[in-house]
Amino acid sequence: MSSSLRARPDATEYASFYASYVDRVPAGDVVALLRADGRELISVIGGIPESRGGHRYADQKWSVRELIGHIIDTERIFSYRARRIARGDATPLPGYEQNDYVRTAGSDTRTLADLAEEVEAVRDATARLLASFPEEAWMRRGVASDREVSVRALAYITAGHARHHLAVLREQYGVAS
């Protein structure tokens, strides 16, 4: 991947509400970073006792298992968007309501070990997908959630979203590193 593709996307490549995710990701080989961060996330999940999987840090907040399910669902959505845009599909892609997904996913009926296995599979698929894109695909832009976004930005958004929720697990749920 060329150095221009490894550079952090500029603010014209994504909606402003994604800035906090993009800002969490250092410039560099985002695919390698996704792989490394995936290993860290799986390790952190593996260190959570199953008895804490249903823990919520406040009323109306997601449980640990629901948060992990949300990371999985969102990564699948972001990588699907990246695939469509990378392939030159100009069809605008819809947004999604994260709380509806969490409510209907059934993550609280699963074990943390099962969720960790899915995180591993999804992250591997995401990294492989992104690594497969030809150089010219990284700068392609499309529309998702009524906003223009580049493939490069989606890679950074994906990484930053998971990093955000890993920080939430540590800071709000008291999960150790």
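No hydrogens, no waters, no symmetry mates; every other heavy atom, side chains included, goes into these values.
Taking 4.5 Å as the limit, every side-chain heavy atom of I48 sits out of range of all side-chain heavy atoms of Y173. No side-chain heavy atom of L93 sits under 4.5 Å from any side-chain heavy atom of V149. Using a 4.5 Å cut-off on side-chain heavy atoms (C-beta onward), E40 and L166 make contact. Residues L33 and P26 have side chains in contact (heavy-atom distance under 4.5 Å, counting atoms from C-beta outward). Put simply, the side chain of R152 reaches to within 4.5 Å of the side chain of M139, judged on heavy atoms.
Although no hydrogens or angles enter the test, the distance criterion places no donor-acceptor pair under 3.5 Å between the side chain of R52 and the main chain of G174. Side-chain N or O atoms of E118 include none that pairs as donor or acceptor with a backbone N or O of L115 at under 3.5 Å. For the pair R8 (side chain) and V22 (backbone), a donor-acceptor distance under 3.5 Å is present. Under the 3.5 Å distance criterion, the side-chain polar atoms of R147 are left unmatched by any main-chain donor or acceptor of A15. The closest donor-acceptor contact from the side chain of R140 to the backbone of A86 lies under 3.5 Å.
In this structure, Y156 is not a member of the same hydrophobic cluster as V143, with clusters built from ILVMFWY side-chain heavy atoms closer than 4.5 Å.
Relative orientation of the H165 and H70 rings is perpendicular, given thresholds of 30° and 60° on the angle between their planes. In this structure, F133 and W138 have perpendicular ring planes: the angle between them is above 60°, well past the 30° mark. Ring planes of Y21 and H161: perpendicular class, angle over 60° (limits at 30 and 60°).
T12 and R141 share a side-chain donor-acceptor pair at under 3.5 Å.
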Full working for side chain to side chain donor-acceptor pair (under 3.5 Å) between R76 and Y80:
CA-CA 6 Å; R76 286 184 191 273; Y80 175 73; over 6 Å; no
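Considering all non-hydrogen atoms of both residues, E50 and R65 come closest at OE2-NH1, 3.2 Å.
For the salt bridge (Lys or Arg N to Asp or Glu O under 4.0 Å) with E66, the qualifying choice from R110, R56, K61, R103 is R56, the only one to do so.
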